[in-house]
Every structure is written in structure tokens, then in C-alpha cells.
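Let me begin by presenting the structure, written as C-alpha cells, before commenting on it.
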Amino acid sequence: MPGQGSQRGEQNQAVPTATEEHLAPAAEQHVPMTAEEIEAASVGAPTRLGGRVTLRPYDPRWPKTYAREAARVRAALGGVRHGIEHAGSTAVPGLLAKPVLDMVLTVPDPADEAAYVPALERLGFRLAVREPAWYEHRVLRRRKPGPGADSANLHVFPPDCPETARMLLFRDWLRTHPDDRDLYARTKRELAARTWDYMQNYADAKSAVVAGILRRAAGGEPR
């Protein structure tokens with residue numbers, strides 16, 4: 001599904017859609033991050049959760065808050081080819097979620113931080129994660145982006161990145177398949193009742209269920 005940014009002229013690029021070859025590697029071979037790896041990827045000291053994850057019922061304000069944030073990002077990056085999409089659980093109507101907006105931004109070279117990070121910092125984002133070995137992934141975070149959201153995570157990847165394709169396929173499948181949306185919700189509730197050192201530990205614990213859903217989304221596994 002083309003990103004909204006892809007419809008705004010030649011300065012912008014689409015966030016890629018998924019094809020079957022995108023799906024197998026990461027979901028099937030996911031290895032949870034160690035505390036050392038989480039700390040190494042963090043820009044500054046990583047934020048420790050040290051407790052349970054807070055989930056909230058779906059909030060119809062989330063897509064509206066995303067739309068405002070995306071418009072601000074597009075304006076700030078007017079001279080940079082980019083695409084932006086709403087991803088994660090806040091992008092799936094009816095799905096409970098952490099009150100954190102996940103957005104996917106593609107730029108020509110995420111390693112060239114000077115080309116886009118200063119402009120995003122002027123919007124209130126700060127660089128929080130740097131993972132050069134994983135598609136040059138960066139994460140910028142902003143507190144209190146708008147109604148219903150405690151924070152926003154801006155995930156930055158290069159164009160045609162398999163991970164962005166997987167994220168958007170997962171989102172689109174959950175939007176149209178209530179059985180898997182409910183399975184994912186049950187998984188999140190069960191895991192949120194446990195305590196975690198880092199939010200990444202909670203995310204890693206969902207990986208097996210996510211992999212199964214992605215296989216079905218790619219047509220490779222029935223329920």
C-alpha cells in the first residue's frame with residue numbers, strides 16, 4: 001500500500017509493500033536482543049521499563065494524531081525524498097495498544113543523519129536508537145505528540161527495506177482479519193501482565209505469534 005508521502009510529488013518516495021520473499025528471514029530467525037545489545041543500540045542511556053507494559057483500548061484519536069505528526073514531518077523534510085506510514089498497533093482499529101504511535105519513515109540513506117535528524121529535532125524528536133547492522137535502522141522519539149498518545153516512535157529505514165514491508169503487511173492483515181487481530185490482542189494482554197526489564201524484551205516475546213501471522217498474511221500457513 002503506497003504511503004501518504006508517496007502521493008506528494010517527486011520529492012517523496014513510497015514505503016514499500018511486502019512480497020513473499022520479504023517475509024521469511026527475520027520472522028523465522030528472530031533472536032531476542034540481549035541487555036548488552038539493547039544498551040549498545042541506544043543513543044544515551046536506554047530507558048528501563050522495570051515492570052509491566054501499559055495497554056489501552058483502541059483510541060480513535062490515534063490516526064488523527066498520526067496524521068498531524070506525519071504532516072509536520074513531511075513539511076520538515078520537504079527537500080528530502082521520503083515516505084511515511086502509520087504502523088504498529090495504534091494503526092489497527094479495534095486493537096488495544098501501548099499509547100505510543102509507531103511511524104515508519106524511509107529516507108535515501110538513514111546513515112546520513114545530517115540530512116534529516118536536525119530537521120526532526122526541531123520538531124521535538126530526539127535520536128534514541130542507532131542500529132547500523134540492521135538496515136541502518138534509526139529511531140527518533142518525541143514525547144506527547146498529541147491527544148491519546150504518550151509518545152511517538154519514528155522508525156527510519158532505507159527505501160525498499162524488507163522490514164518496512166513486513167511491518168505494513170502485518171498492519172494491513174490485522175486490519176482485515178479479526179481472528180488474527182484478536183489472537184495478537186490476547187498475546188499482548190498475557191505478556192503485558194508480566195514484568196520486563198526493557199520494552200524490547202516484551203516486543204521480542206511476541207515474535208513467534210507475529211511470525212505465524214505473517215506466514216498467514218503471505219499465504220503460507222492456514223489458521
Side-chain angles (χ1 to χ4, degrees), residues 15 25-27 29-56 65-66 69-70 72-73 76-77 80 82 84-91 97-146 149-159 161-164 166-168 170-171 188 191-192 194-208 210-211:
V15 178
Q29 302 173 12
H30 181 84
V31 177
M33 292 182 73
T34 65
E36 290 76 15
E37 289 169 333
I38 293 170
E39 291 167 4
S42 299
V43 178
T47 301
R48 293 183 68 92
L49 179 59
R52 296 183 177 183
V53 174
T54 298
L55 299 175
R56 293 182 187 168
T65 298
Y66 159 74
E69 283 298 289
R72 295 173 74 242
V73 169
L77 299 181
V80 179
H82 66 277
I84 188 166
E85 286 270 5
H86 189 188
S89 294
T90 60
K98 303 186 304 295
V100 177
L101 295 180
D102 281 305
M103 302 182 286
V104 181
L105 175 71
T106 59
V107 298
D109 180 11
D112 183 10
E113 296 176 5
Y116 65 96
V117 169
L120 295 173
E121 287 177 334
R122 288 192 286 273
L123 299 182
F125 287 92
R126 69 171 185 84
L127 185 63
V129 173
R130 182 186 287 123
E131 295 182 282
W134 192 56
Y135 307 115
E136 290 291 352
H137 179 230
R138 298 324 192 247
V139 178
L140 291 93
R141 294 198 174 113
R142 174 165 130 75
R143 297 285 298 163
K144 302 295 182 183
D150 290 348
S151 61
N153 291 334
L154 191 59
H155 297 267
V156 186
F157 290 105
C161 176
E163 182 58 24
T164 59
R166 284 188 287 269
M167 291 172 73
L168 298 184
F170 188 74
R171 175 201 69 186
K188 286 156 62 93
L191 293 174
R194 296 166 54 183
T195 58
W196 306 94
D197 289 336
Y198 295 100
M199 189 66 73
Q200 183 64 44
N201 303 140
Y202 163 78
D204 287 337
K206 298 183 292 184
S207 60
V210 170

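Numbers for residues simply follow the sequence, beginning at 1. Keep in mind that the numbers below use all heavy atoms, side chains included, and drop hydrogens, waters and symmetry copies. Values in this document were obtained by computation on a predicted structure and should not be read as measured data.
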To the closest 0.5 Å, what do you measure between [atom1] ([X]) and [atom2] ([Y])?
| X | Y | atom1 | atom2 | value |
| --- | --- | --- | --- | --- |
| Leu77 | Leu120 | CG | CG | 5.0 Å |
| His137 | Glu163 | NE2 | CD | 8.0 Å |
| Ser42 | Gln200 | OG | CD | 9.5 Å |

So, do [X] and [Y] sit near enough that their side-chain heavy atoms are less than 4.5 Å apart?
| X | Y | value |
| --- | --- | --- |
| Met167 | Glu85 | no |
| Val117 | Leu140 | yes |
| Arg142 | Leu154 | no |
| Val129 | Arg138 | no |
| Tyr202 | Arg194 | no |
| Pro162 | Tyr135 | yes |
| Asn201 | Ile38 | yes |
| Thr54 | Lys98 | no |

Main-chain N/O of [Y] paired to [X] side chain as donor or acceptor, under 3.5 Å:
| X | Y | value |
| --- | --- | --- |
| Arg72 | Leu123 | yes |
| Trp196 | Ala203 | no |
| Tyr116 | Pro110 | yes |

What heavy-atom pair brings [X] and [Y] nearest, and what distance separates the two atoms?
| X | Y | answer |
| --- | --- | --- |
| Pro99 | Arg56 | CB-NH1, 3.4 Å |
| Met33 | Asp204 | N-OD2, 2.9 Å |
| Ala111 | Glu136 | CB-OE1, 3.6 Å |
| Ala119 | Ala76 | CB-O, 3.7 Å |
| Arg171 | Ala87 | CD-CA, 4.4 Å |
| Val80 | Pro108 | CG1-CD, 4.1 Å |

Practice item. Could you tell me whether Asp150 and Arg143 have a side-chain N and a carboxylate O separated by less than 4.0 Å? Key: no
**Study point:** For Asn153, side-chain contact (heavy atoms from CB on, under 4.5 Å) partners two or more places apart
**Key:** Val100, Asp102, Val139, Arg141, His155
Review point. Mind checking whether Tyr66 and His86 have parallel, tilted or perpendicular rings, split at 30° and 60°?
Key: parallel
Exercise for review: State which residues pass ring pair (Phe, Tyr, Trp, His ring centres under 6.0 Å) with Phe170; sequence neighbours excluded, sorted by chain then number.
Suggested key: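 Expected list: Tyr184.
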